[in-house]
Protein chains: 2
Amino acid sequence: MPRQVDHNQRRRQIAEAVWRLATRGGLEDVTLRQVAAEAKVSARLLQYYFGTRDQLLLGALEILNADAEQRARERLAALGQTPSMQALVRGVLLELLPLDEERRNRHLVYIAYFIPFLVDPALAKVAREAPHALEDLVAGLIMQGQELGEVSRDIDAAAEAAFLVAGAEGIQTTVLLGQRTPEDAVALIDHQLTRIFTATPRN
Amino acid sequence: MPRQVDHNQRRRQIAEAVWRLATRGGLEDVTLRQVAAEAKVSARLLQYYFGTRDQLLLGALEILNADAEQRARERLAALGQTPSMQALVRGVLLELLPLDEERRNRHLVYIAYFIPFLVDPALAKVAREAPHALEDLVAGLIMQGQELGEVSRDIDAAAEAAFLVAGAEGIQTTVLLGQRTPEDAVALIDHQLTRIFTATPRN
DNA sequence: GGTGTTATGGTTCGATCGCACCACAAAACG
DNA sequence: CGTTTTGTGGTGCGATCGAACCATAACACC
């Protein structure tokens, strides 16, 4: 029956099984047999599409990252043509929070991968760039806010951006553990945002 | 040769082996045989002192938590008899940062345990209390700072405390990944502290 | 319509896993 | 001094792991 199948779709189907297992029981539960059963394919297919187990884990992560990036872009685009800098920063930070099943699972997968990130050089390279890019993005938005008069000149954009991103990441953890509701998490973010974005746009 | 051995020391010796393996390769590398080899005891001893593998993981975590608590108390006591509220909050937050090998490894162990925390009810109970207690502690210190005039009355103590703890936790992650130096991490914390603790003590 | 390539299922192997079980040495106790 | 308790090593079992291997059905191409 072959040759009419969409390889990307197959890889995605398998990758999603990896995510589900990783969020459910950590990386140690991501065995070839379990993935095969979860994805409802034969174990042989995993080898065919990804090769070894390490390559499977890496491949599944890359697909996840590509997904996350696209979804973030979509959500930011949904803010409209001329959003305020505050709304943009808010959108970026909220992307880090486990506000829906998709984002929750994504962060669980990242946590499951964390230790390998520190050890395996191949994985480390994948992780190195993203977070710093986020900080720079937020810092740039705050500085634009200063240009537009939405943010006081007294604010240290870089320092505040770094702490905002770090804070969102930390809050994410508490939400995952059930120590805080998503609503409280958003409220904490907004509390900091209203502190930083005090001035009214000069326009 | 038995009966003159210190059980607590033996358990600690084994627990330390668990930590080392967990920080090195995640929980999936913490097998009974590996732990036995790392702790330089026979595999049989693990069963004798901890029982099943799950109990071993849980026991090792409890020892780690007890350690962390005692070390934190020591470090806070080292601040002197009448430290300022700002210094106390700083001490608490810095405890969350991987500033030395001990704290770095401790946080790596926590990350390795994170997924099981969400799944296994026995582990979940252990984790549930600690972080919230930290937030309450910091919030209390900030409110004391308001009483003493170190902190403006306009500050929302609870919200700031939550964001400080979350921020410290998020910064910890970036330091572990090598994206930020420990010095930068401390500087970010201090930047927020000097914002909150503006007023001079009324004496 | 053969022929080669692509996609898939099934099976097997050696290693390793958690854990139960057995043997025994040293101390404690009567 | 004998017996019980406590601490330790070794070994074996059933299950499962990752990965290699074999077979073959469906399509592409000529």
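First the proteins, then the strands, lettered A, B, ... as listed; each starts at 1.
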- Select from A/Ala43 and B/Leu32 the residue whose nearest nucleotide in DNA chain C is closer to the 5' end of that strand. A/Ala43

- Query: What is the minimum heavy-atom distance between A/Leu193 and A/Arg90, and which atoms define it?
  - Reply: CD1-CB, 3.6 Å

- Indicate the atoms forming the closest heavy-atom contact of A/Ala157 with A/Met143, along with that distance.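 That would be CB-CG, 3.5 Å.
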
Counting side-chain heavy atoms from CB outward, which of [options] is closest to [X]?
X: A/Arg10; options: C/dT8, C/dC21, D/dG18; result: C/dT8
X: A/Thr31; options: C/dG9, C/dG18, D/dC17; result: D/dC17
X: B/Arg33; options: C/dC21, C/dT8, D/dC13; result: D/dC13
X: B/Tyr48; options: D/dG18, C/dG18, D/dT8; result: D/dT8

- Query: A/Asp100 pairs by salt bridge (Lys or Arg N to Asp or Glu O under 4.0 Å) with which of A/Arg75, A/Arg106, A/Arg71?
  - Reply: A/Arg75

- Does the pair B/Glu160 and B/Arg195 meet the rule for a salt bridge (Lys or Arg N to Asp or Glu O under 4.0 Å), with working shown? CA-CA 11 Å; B/Glu160 294 292 352; B/Arg195 168 178 69 80; 3.0 Å; yes

Rounded interatomic separation in angstrom, taking [atom1] from [X] and [atom2] from [N]:
X: B/Leu21; N: C/dT16; atom1: CG; atom2: P; answer: 16 Å
X: B/Leu46; N: D/dG9; atom1: CG; atom2: C1'; answer: 12 Å
X: B/Glu28; N: C/dA15; atom1: CD; atom2: C1'; answer: 16 Å
X: A/Arg44; N: C/dG9; atom1: CZ; atom2: P; answer: 10 Å
X: B/Leu56; N: C/dC19; atom1: CG; atom2: P; answer: 10 Å
X: A/Leu45; N: D/dG18; atom1: CG; atom2: P; answer: 16 Å
X: A/Gln47; N: D/dA20; atom1: CD; atom2: P; answer: 7 Å
X: B/Lys40; N: D/dG9; atom1: NZ; atom2: P; answer: 14 Å

What pairs of donor and acceptor atoms, side-chain ones from residues 28-36 of chain A against any protein atom, are under 3.5 angstrom apart with sequence neighbours left out?
{"residue": "A/Glu28", "atom": "OE1", "partner": "B/Arg53", "partner atom": "NH2", "Å": "3.4"}
{"residue": "A/Thr31", "atom": "OG1", "partner": "A/Gln34", "partner atom": "N", "Å": "3.1"}

- Message: Looking at B/Ser42, I'd like to know whether one of its side-chain N or O atoms comes within less than 4.0 Å of OP1 or OP2 on D/dT8.
- Response: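 No, outside the criterion.
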
- Query: With a non-hydrogen cut-off below 4.0 angstrom, is B/Val30 in contact with a base, only sugar-phosphate, or nothing?
  - Reply: sugar-phosphate

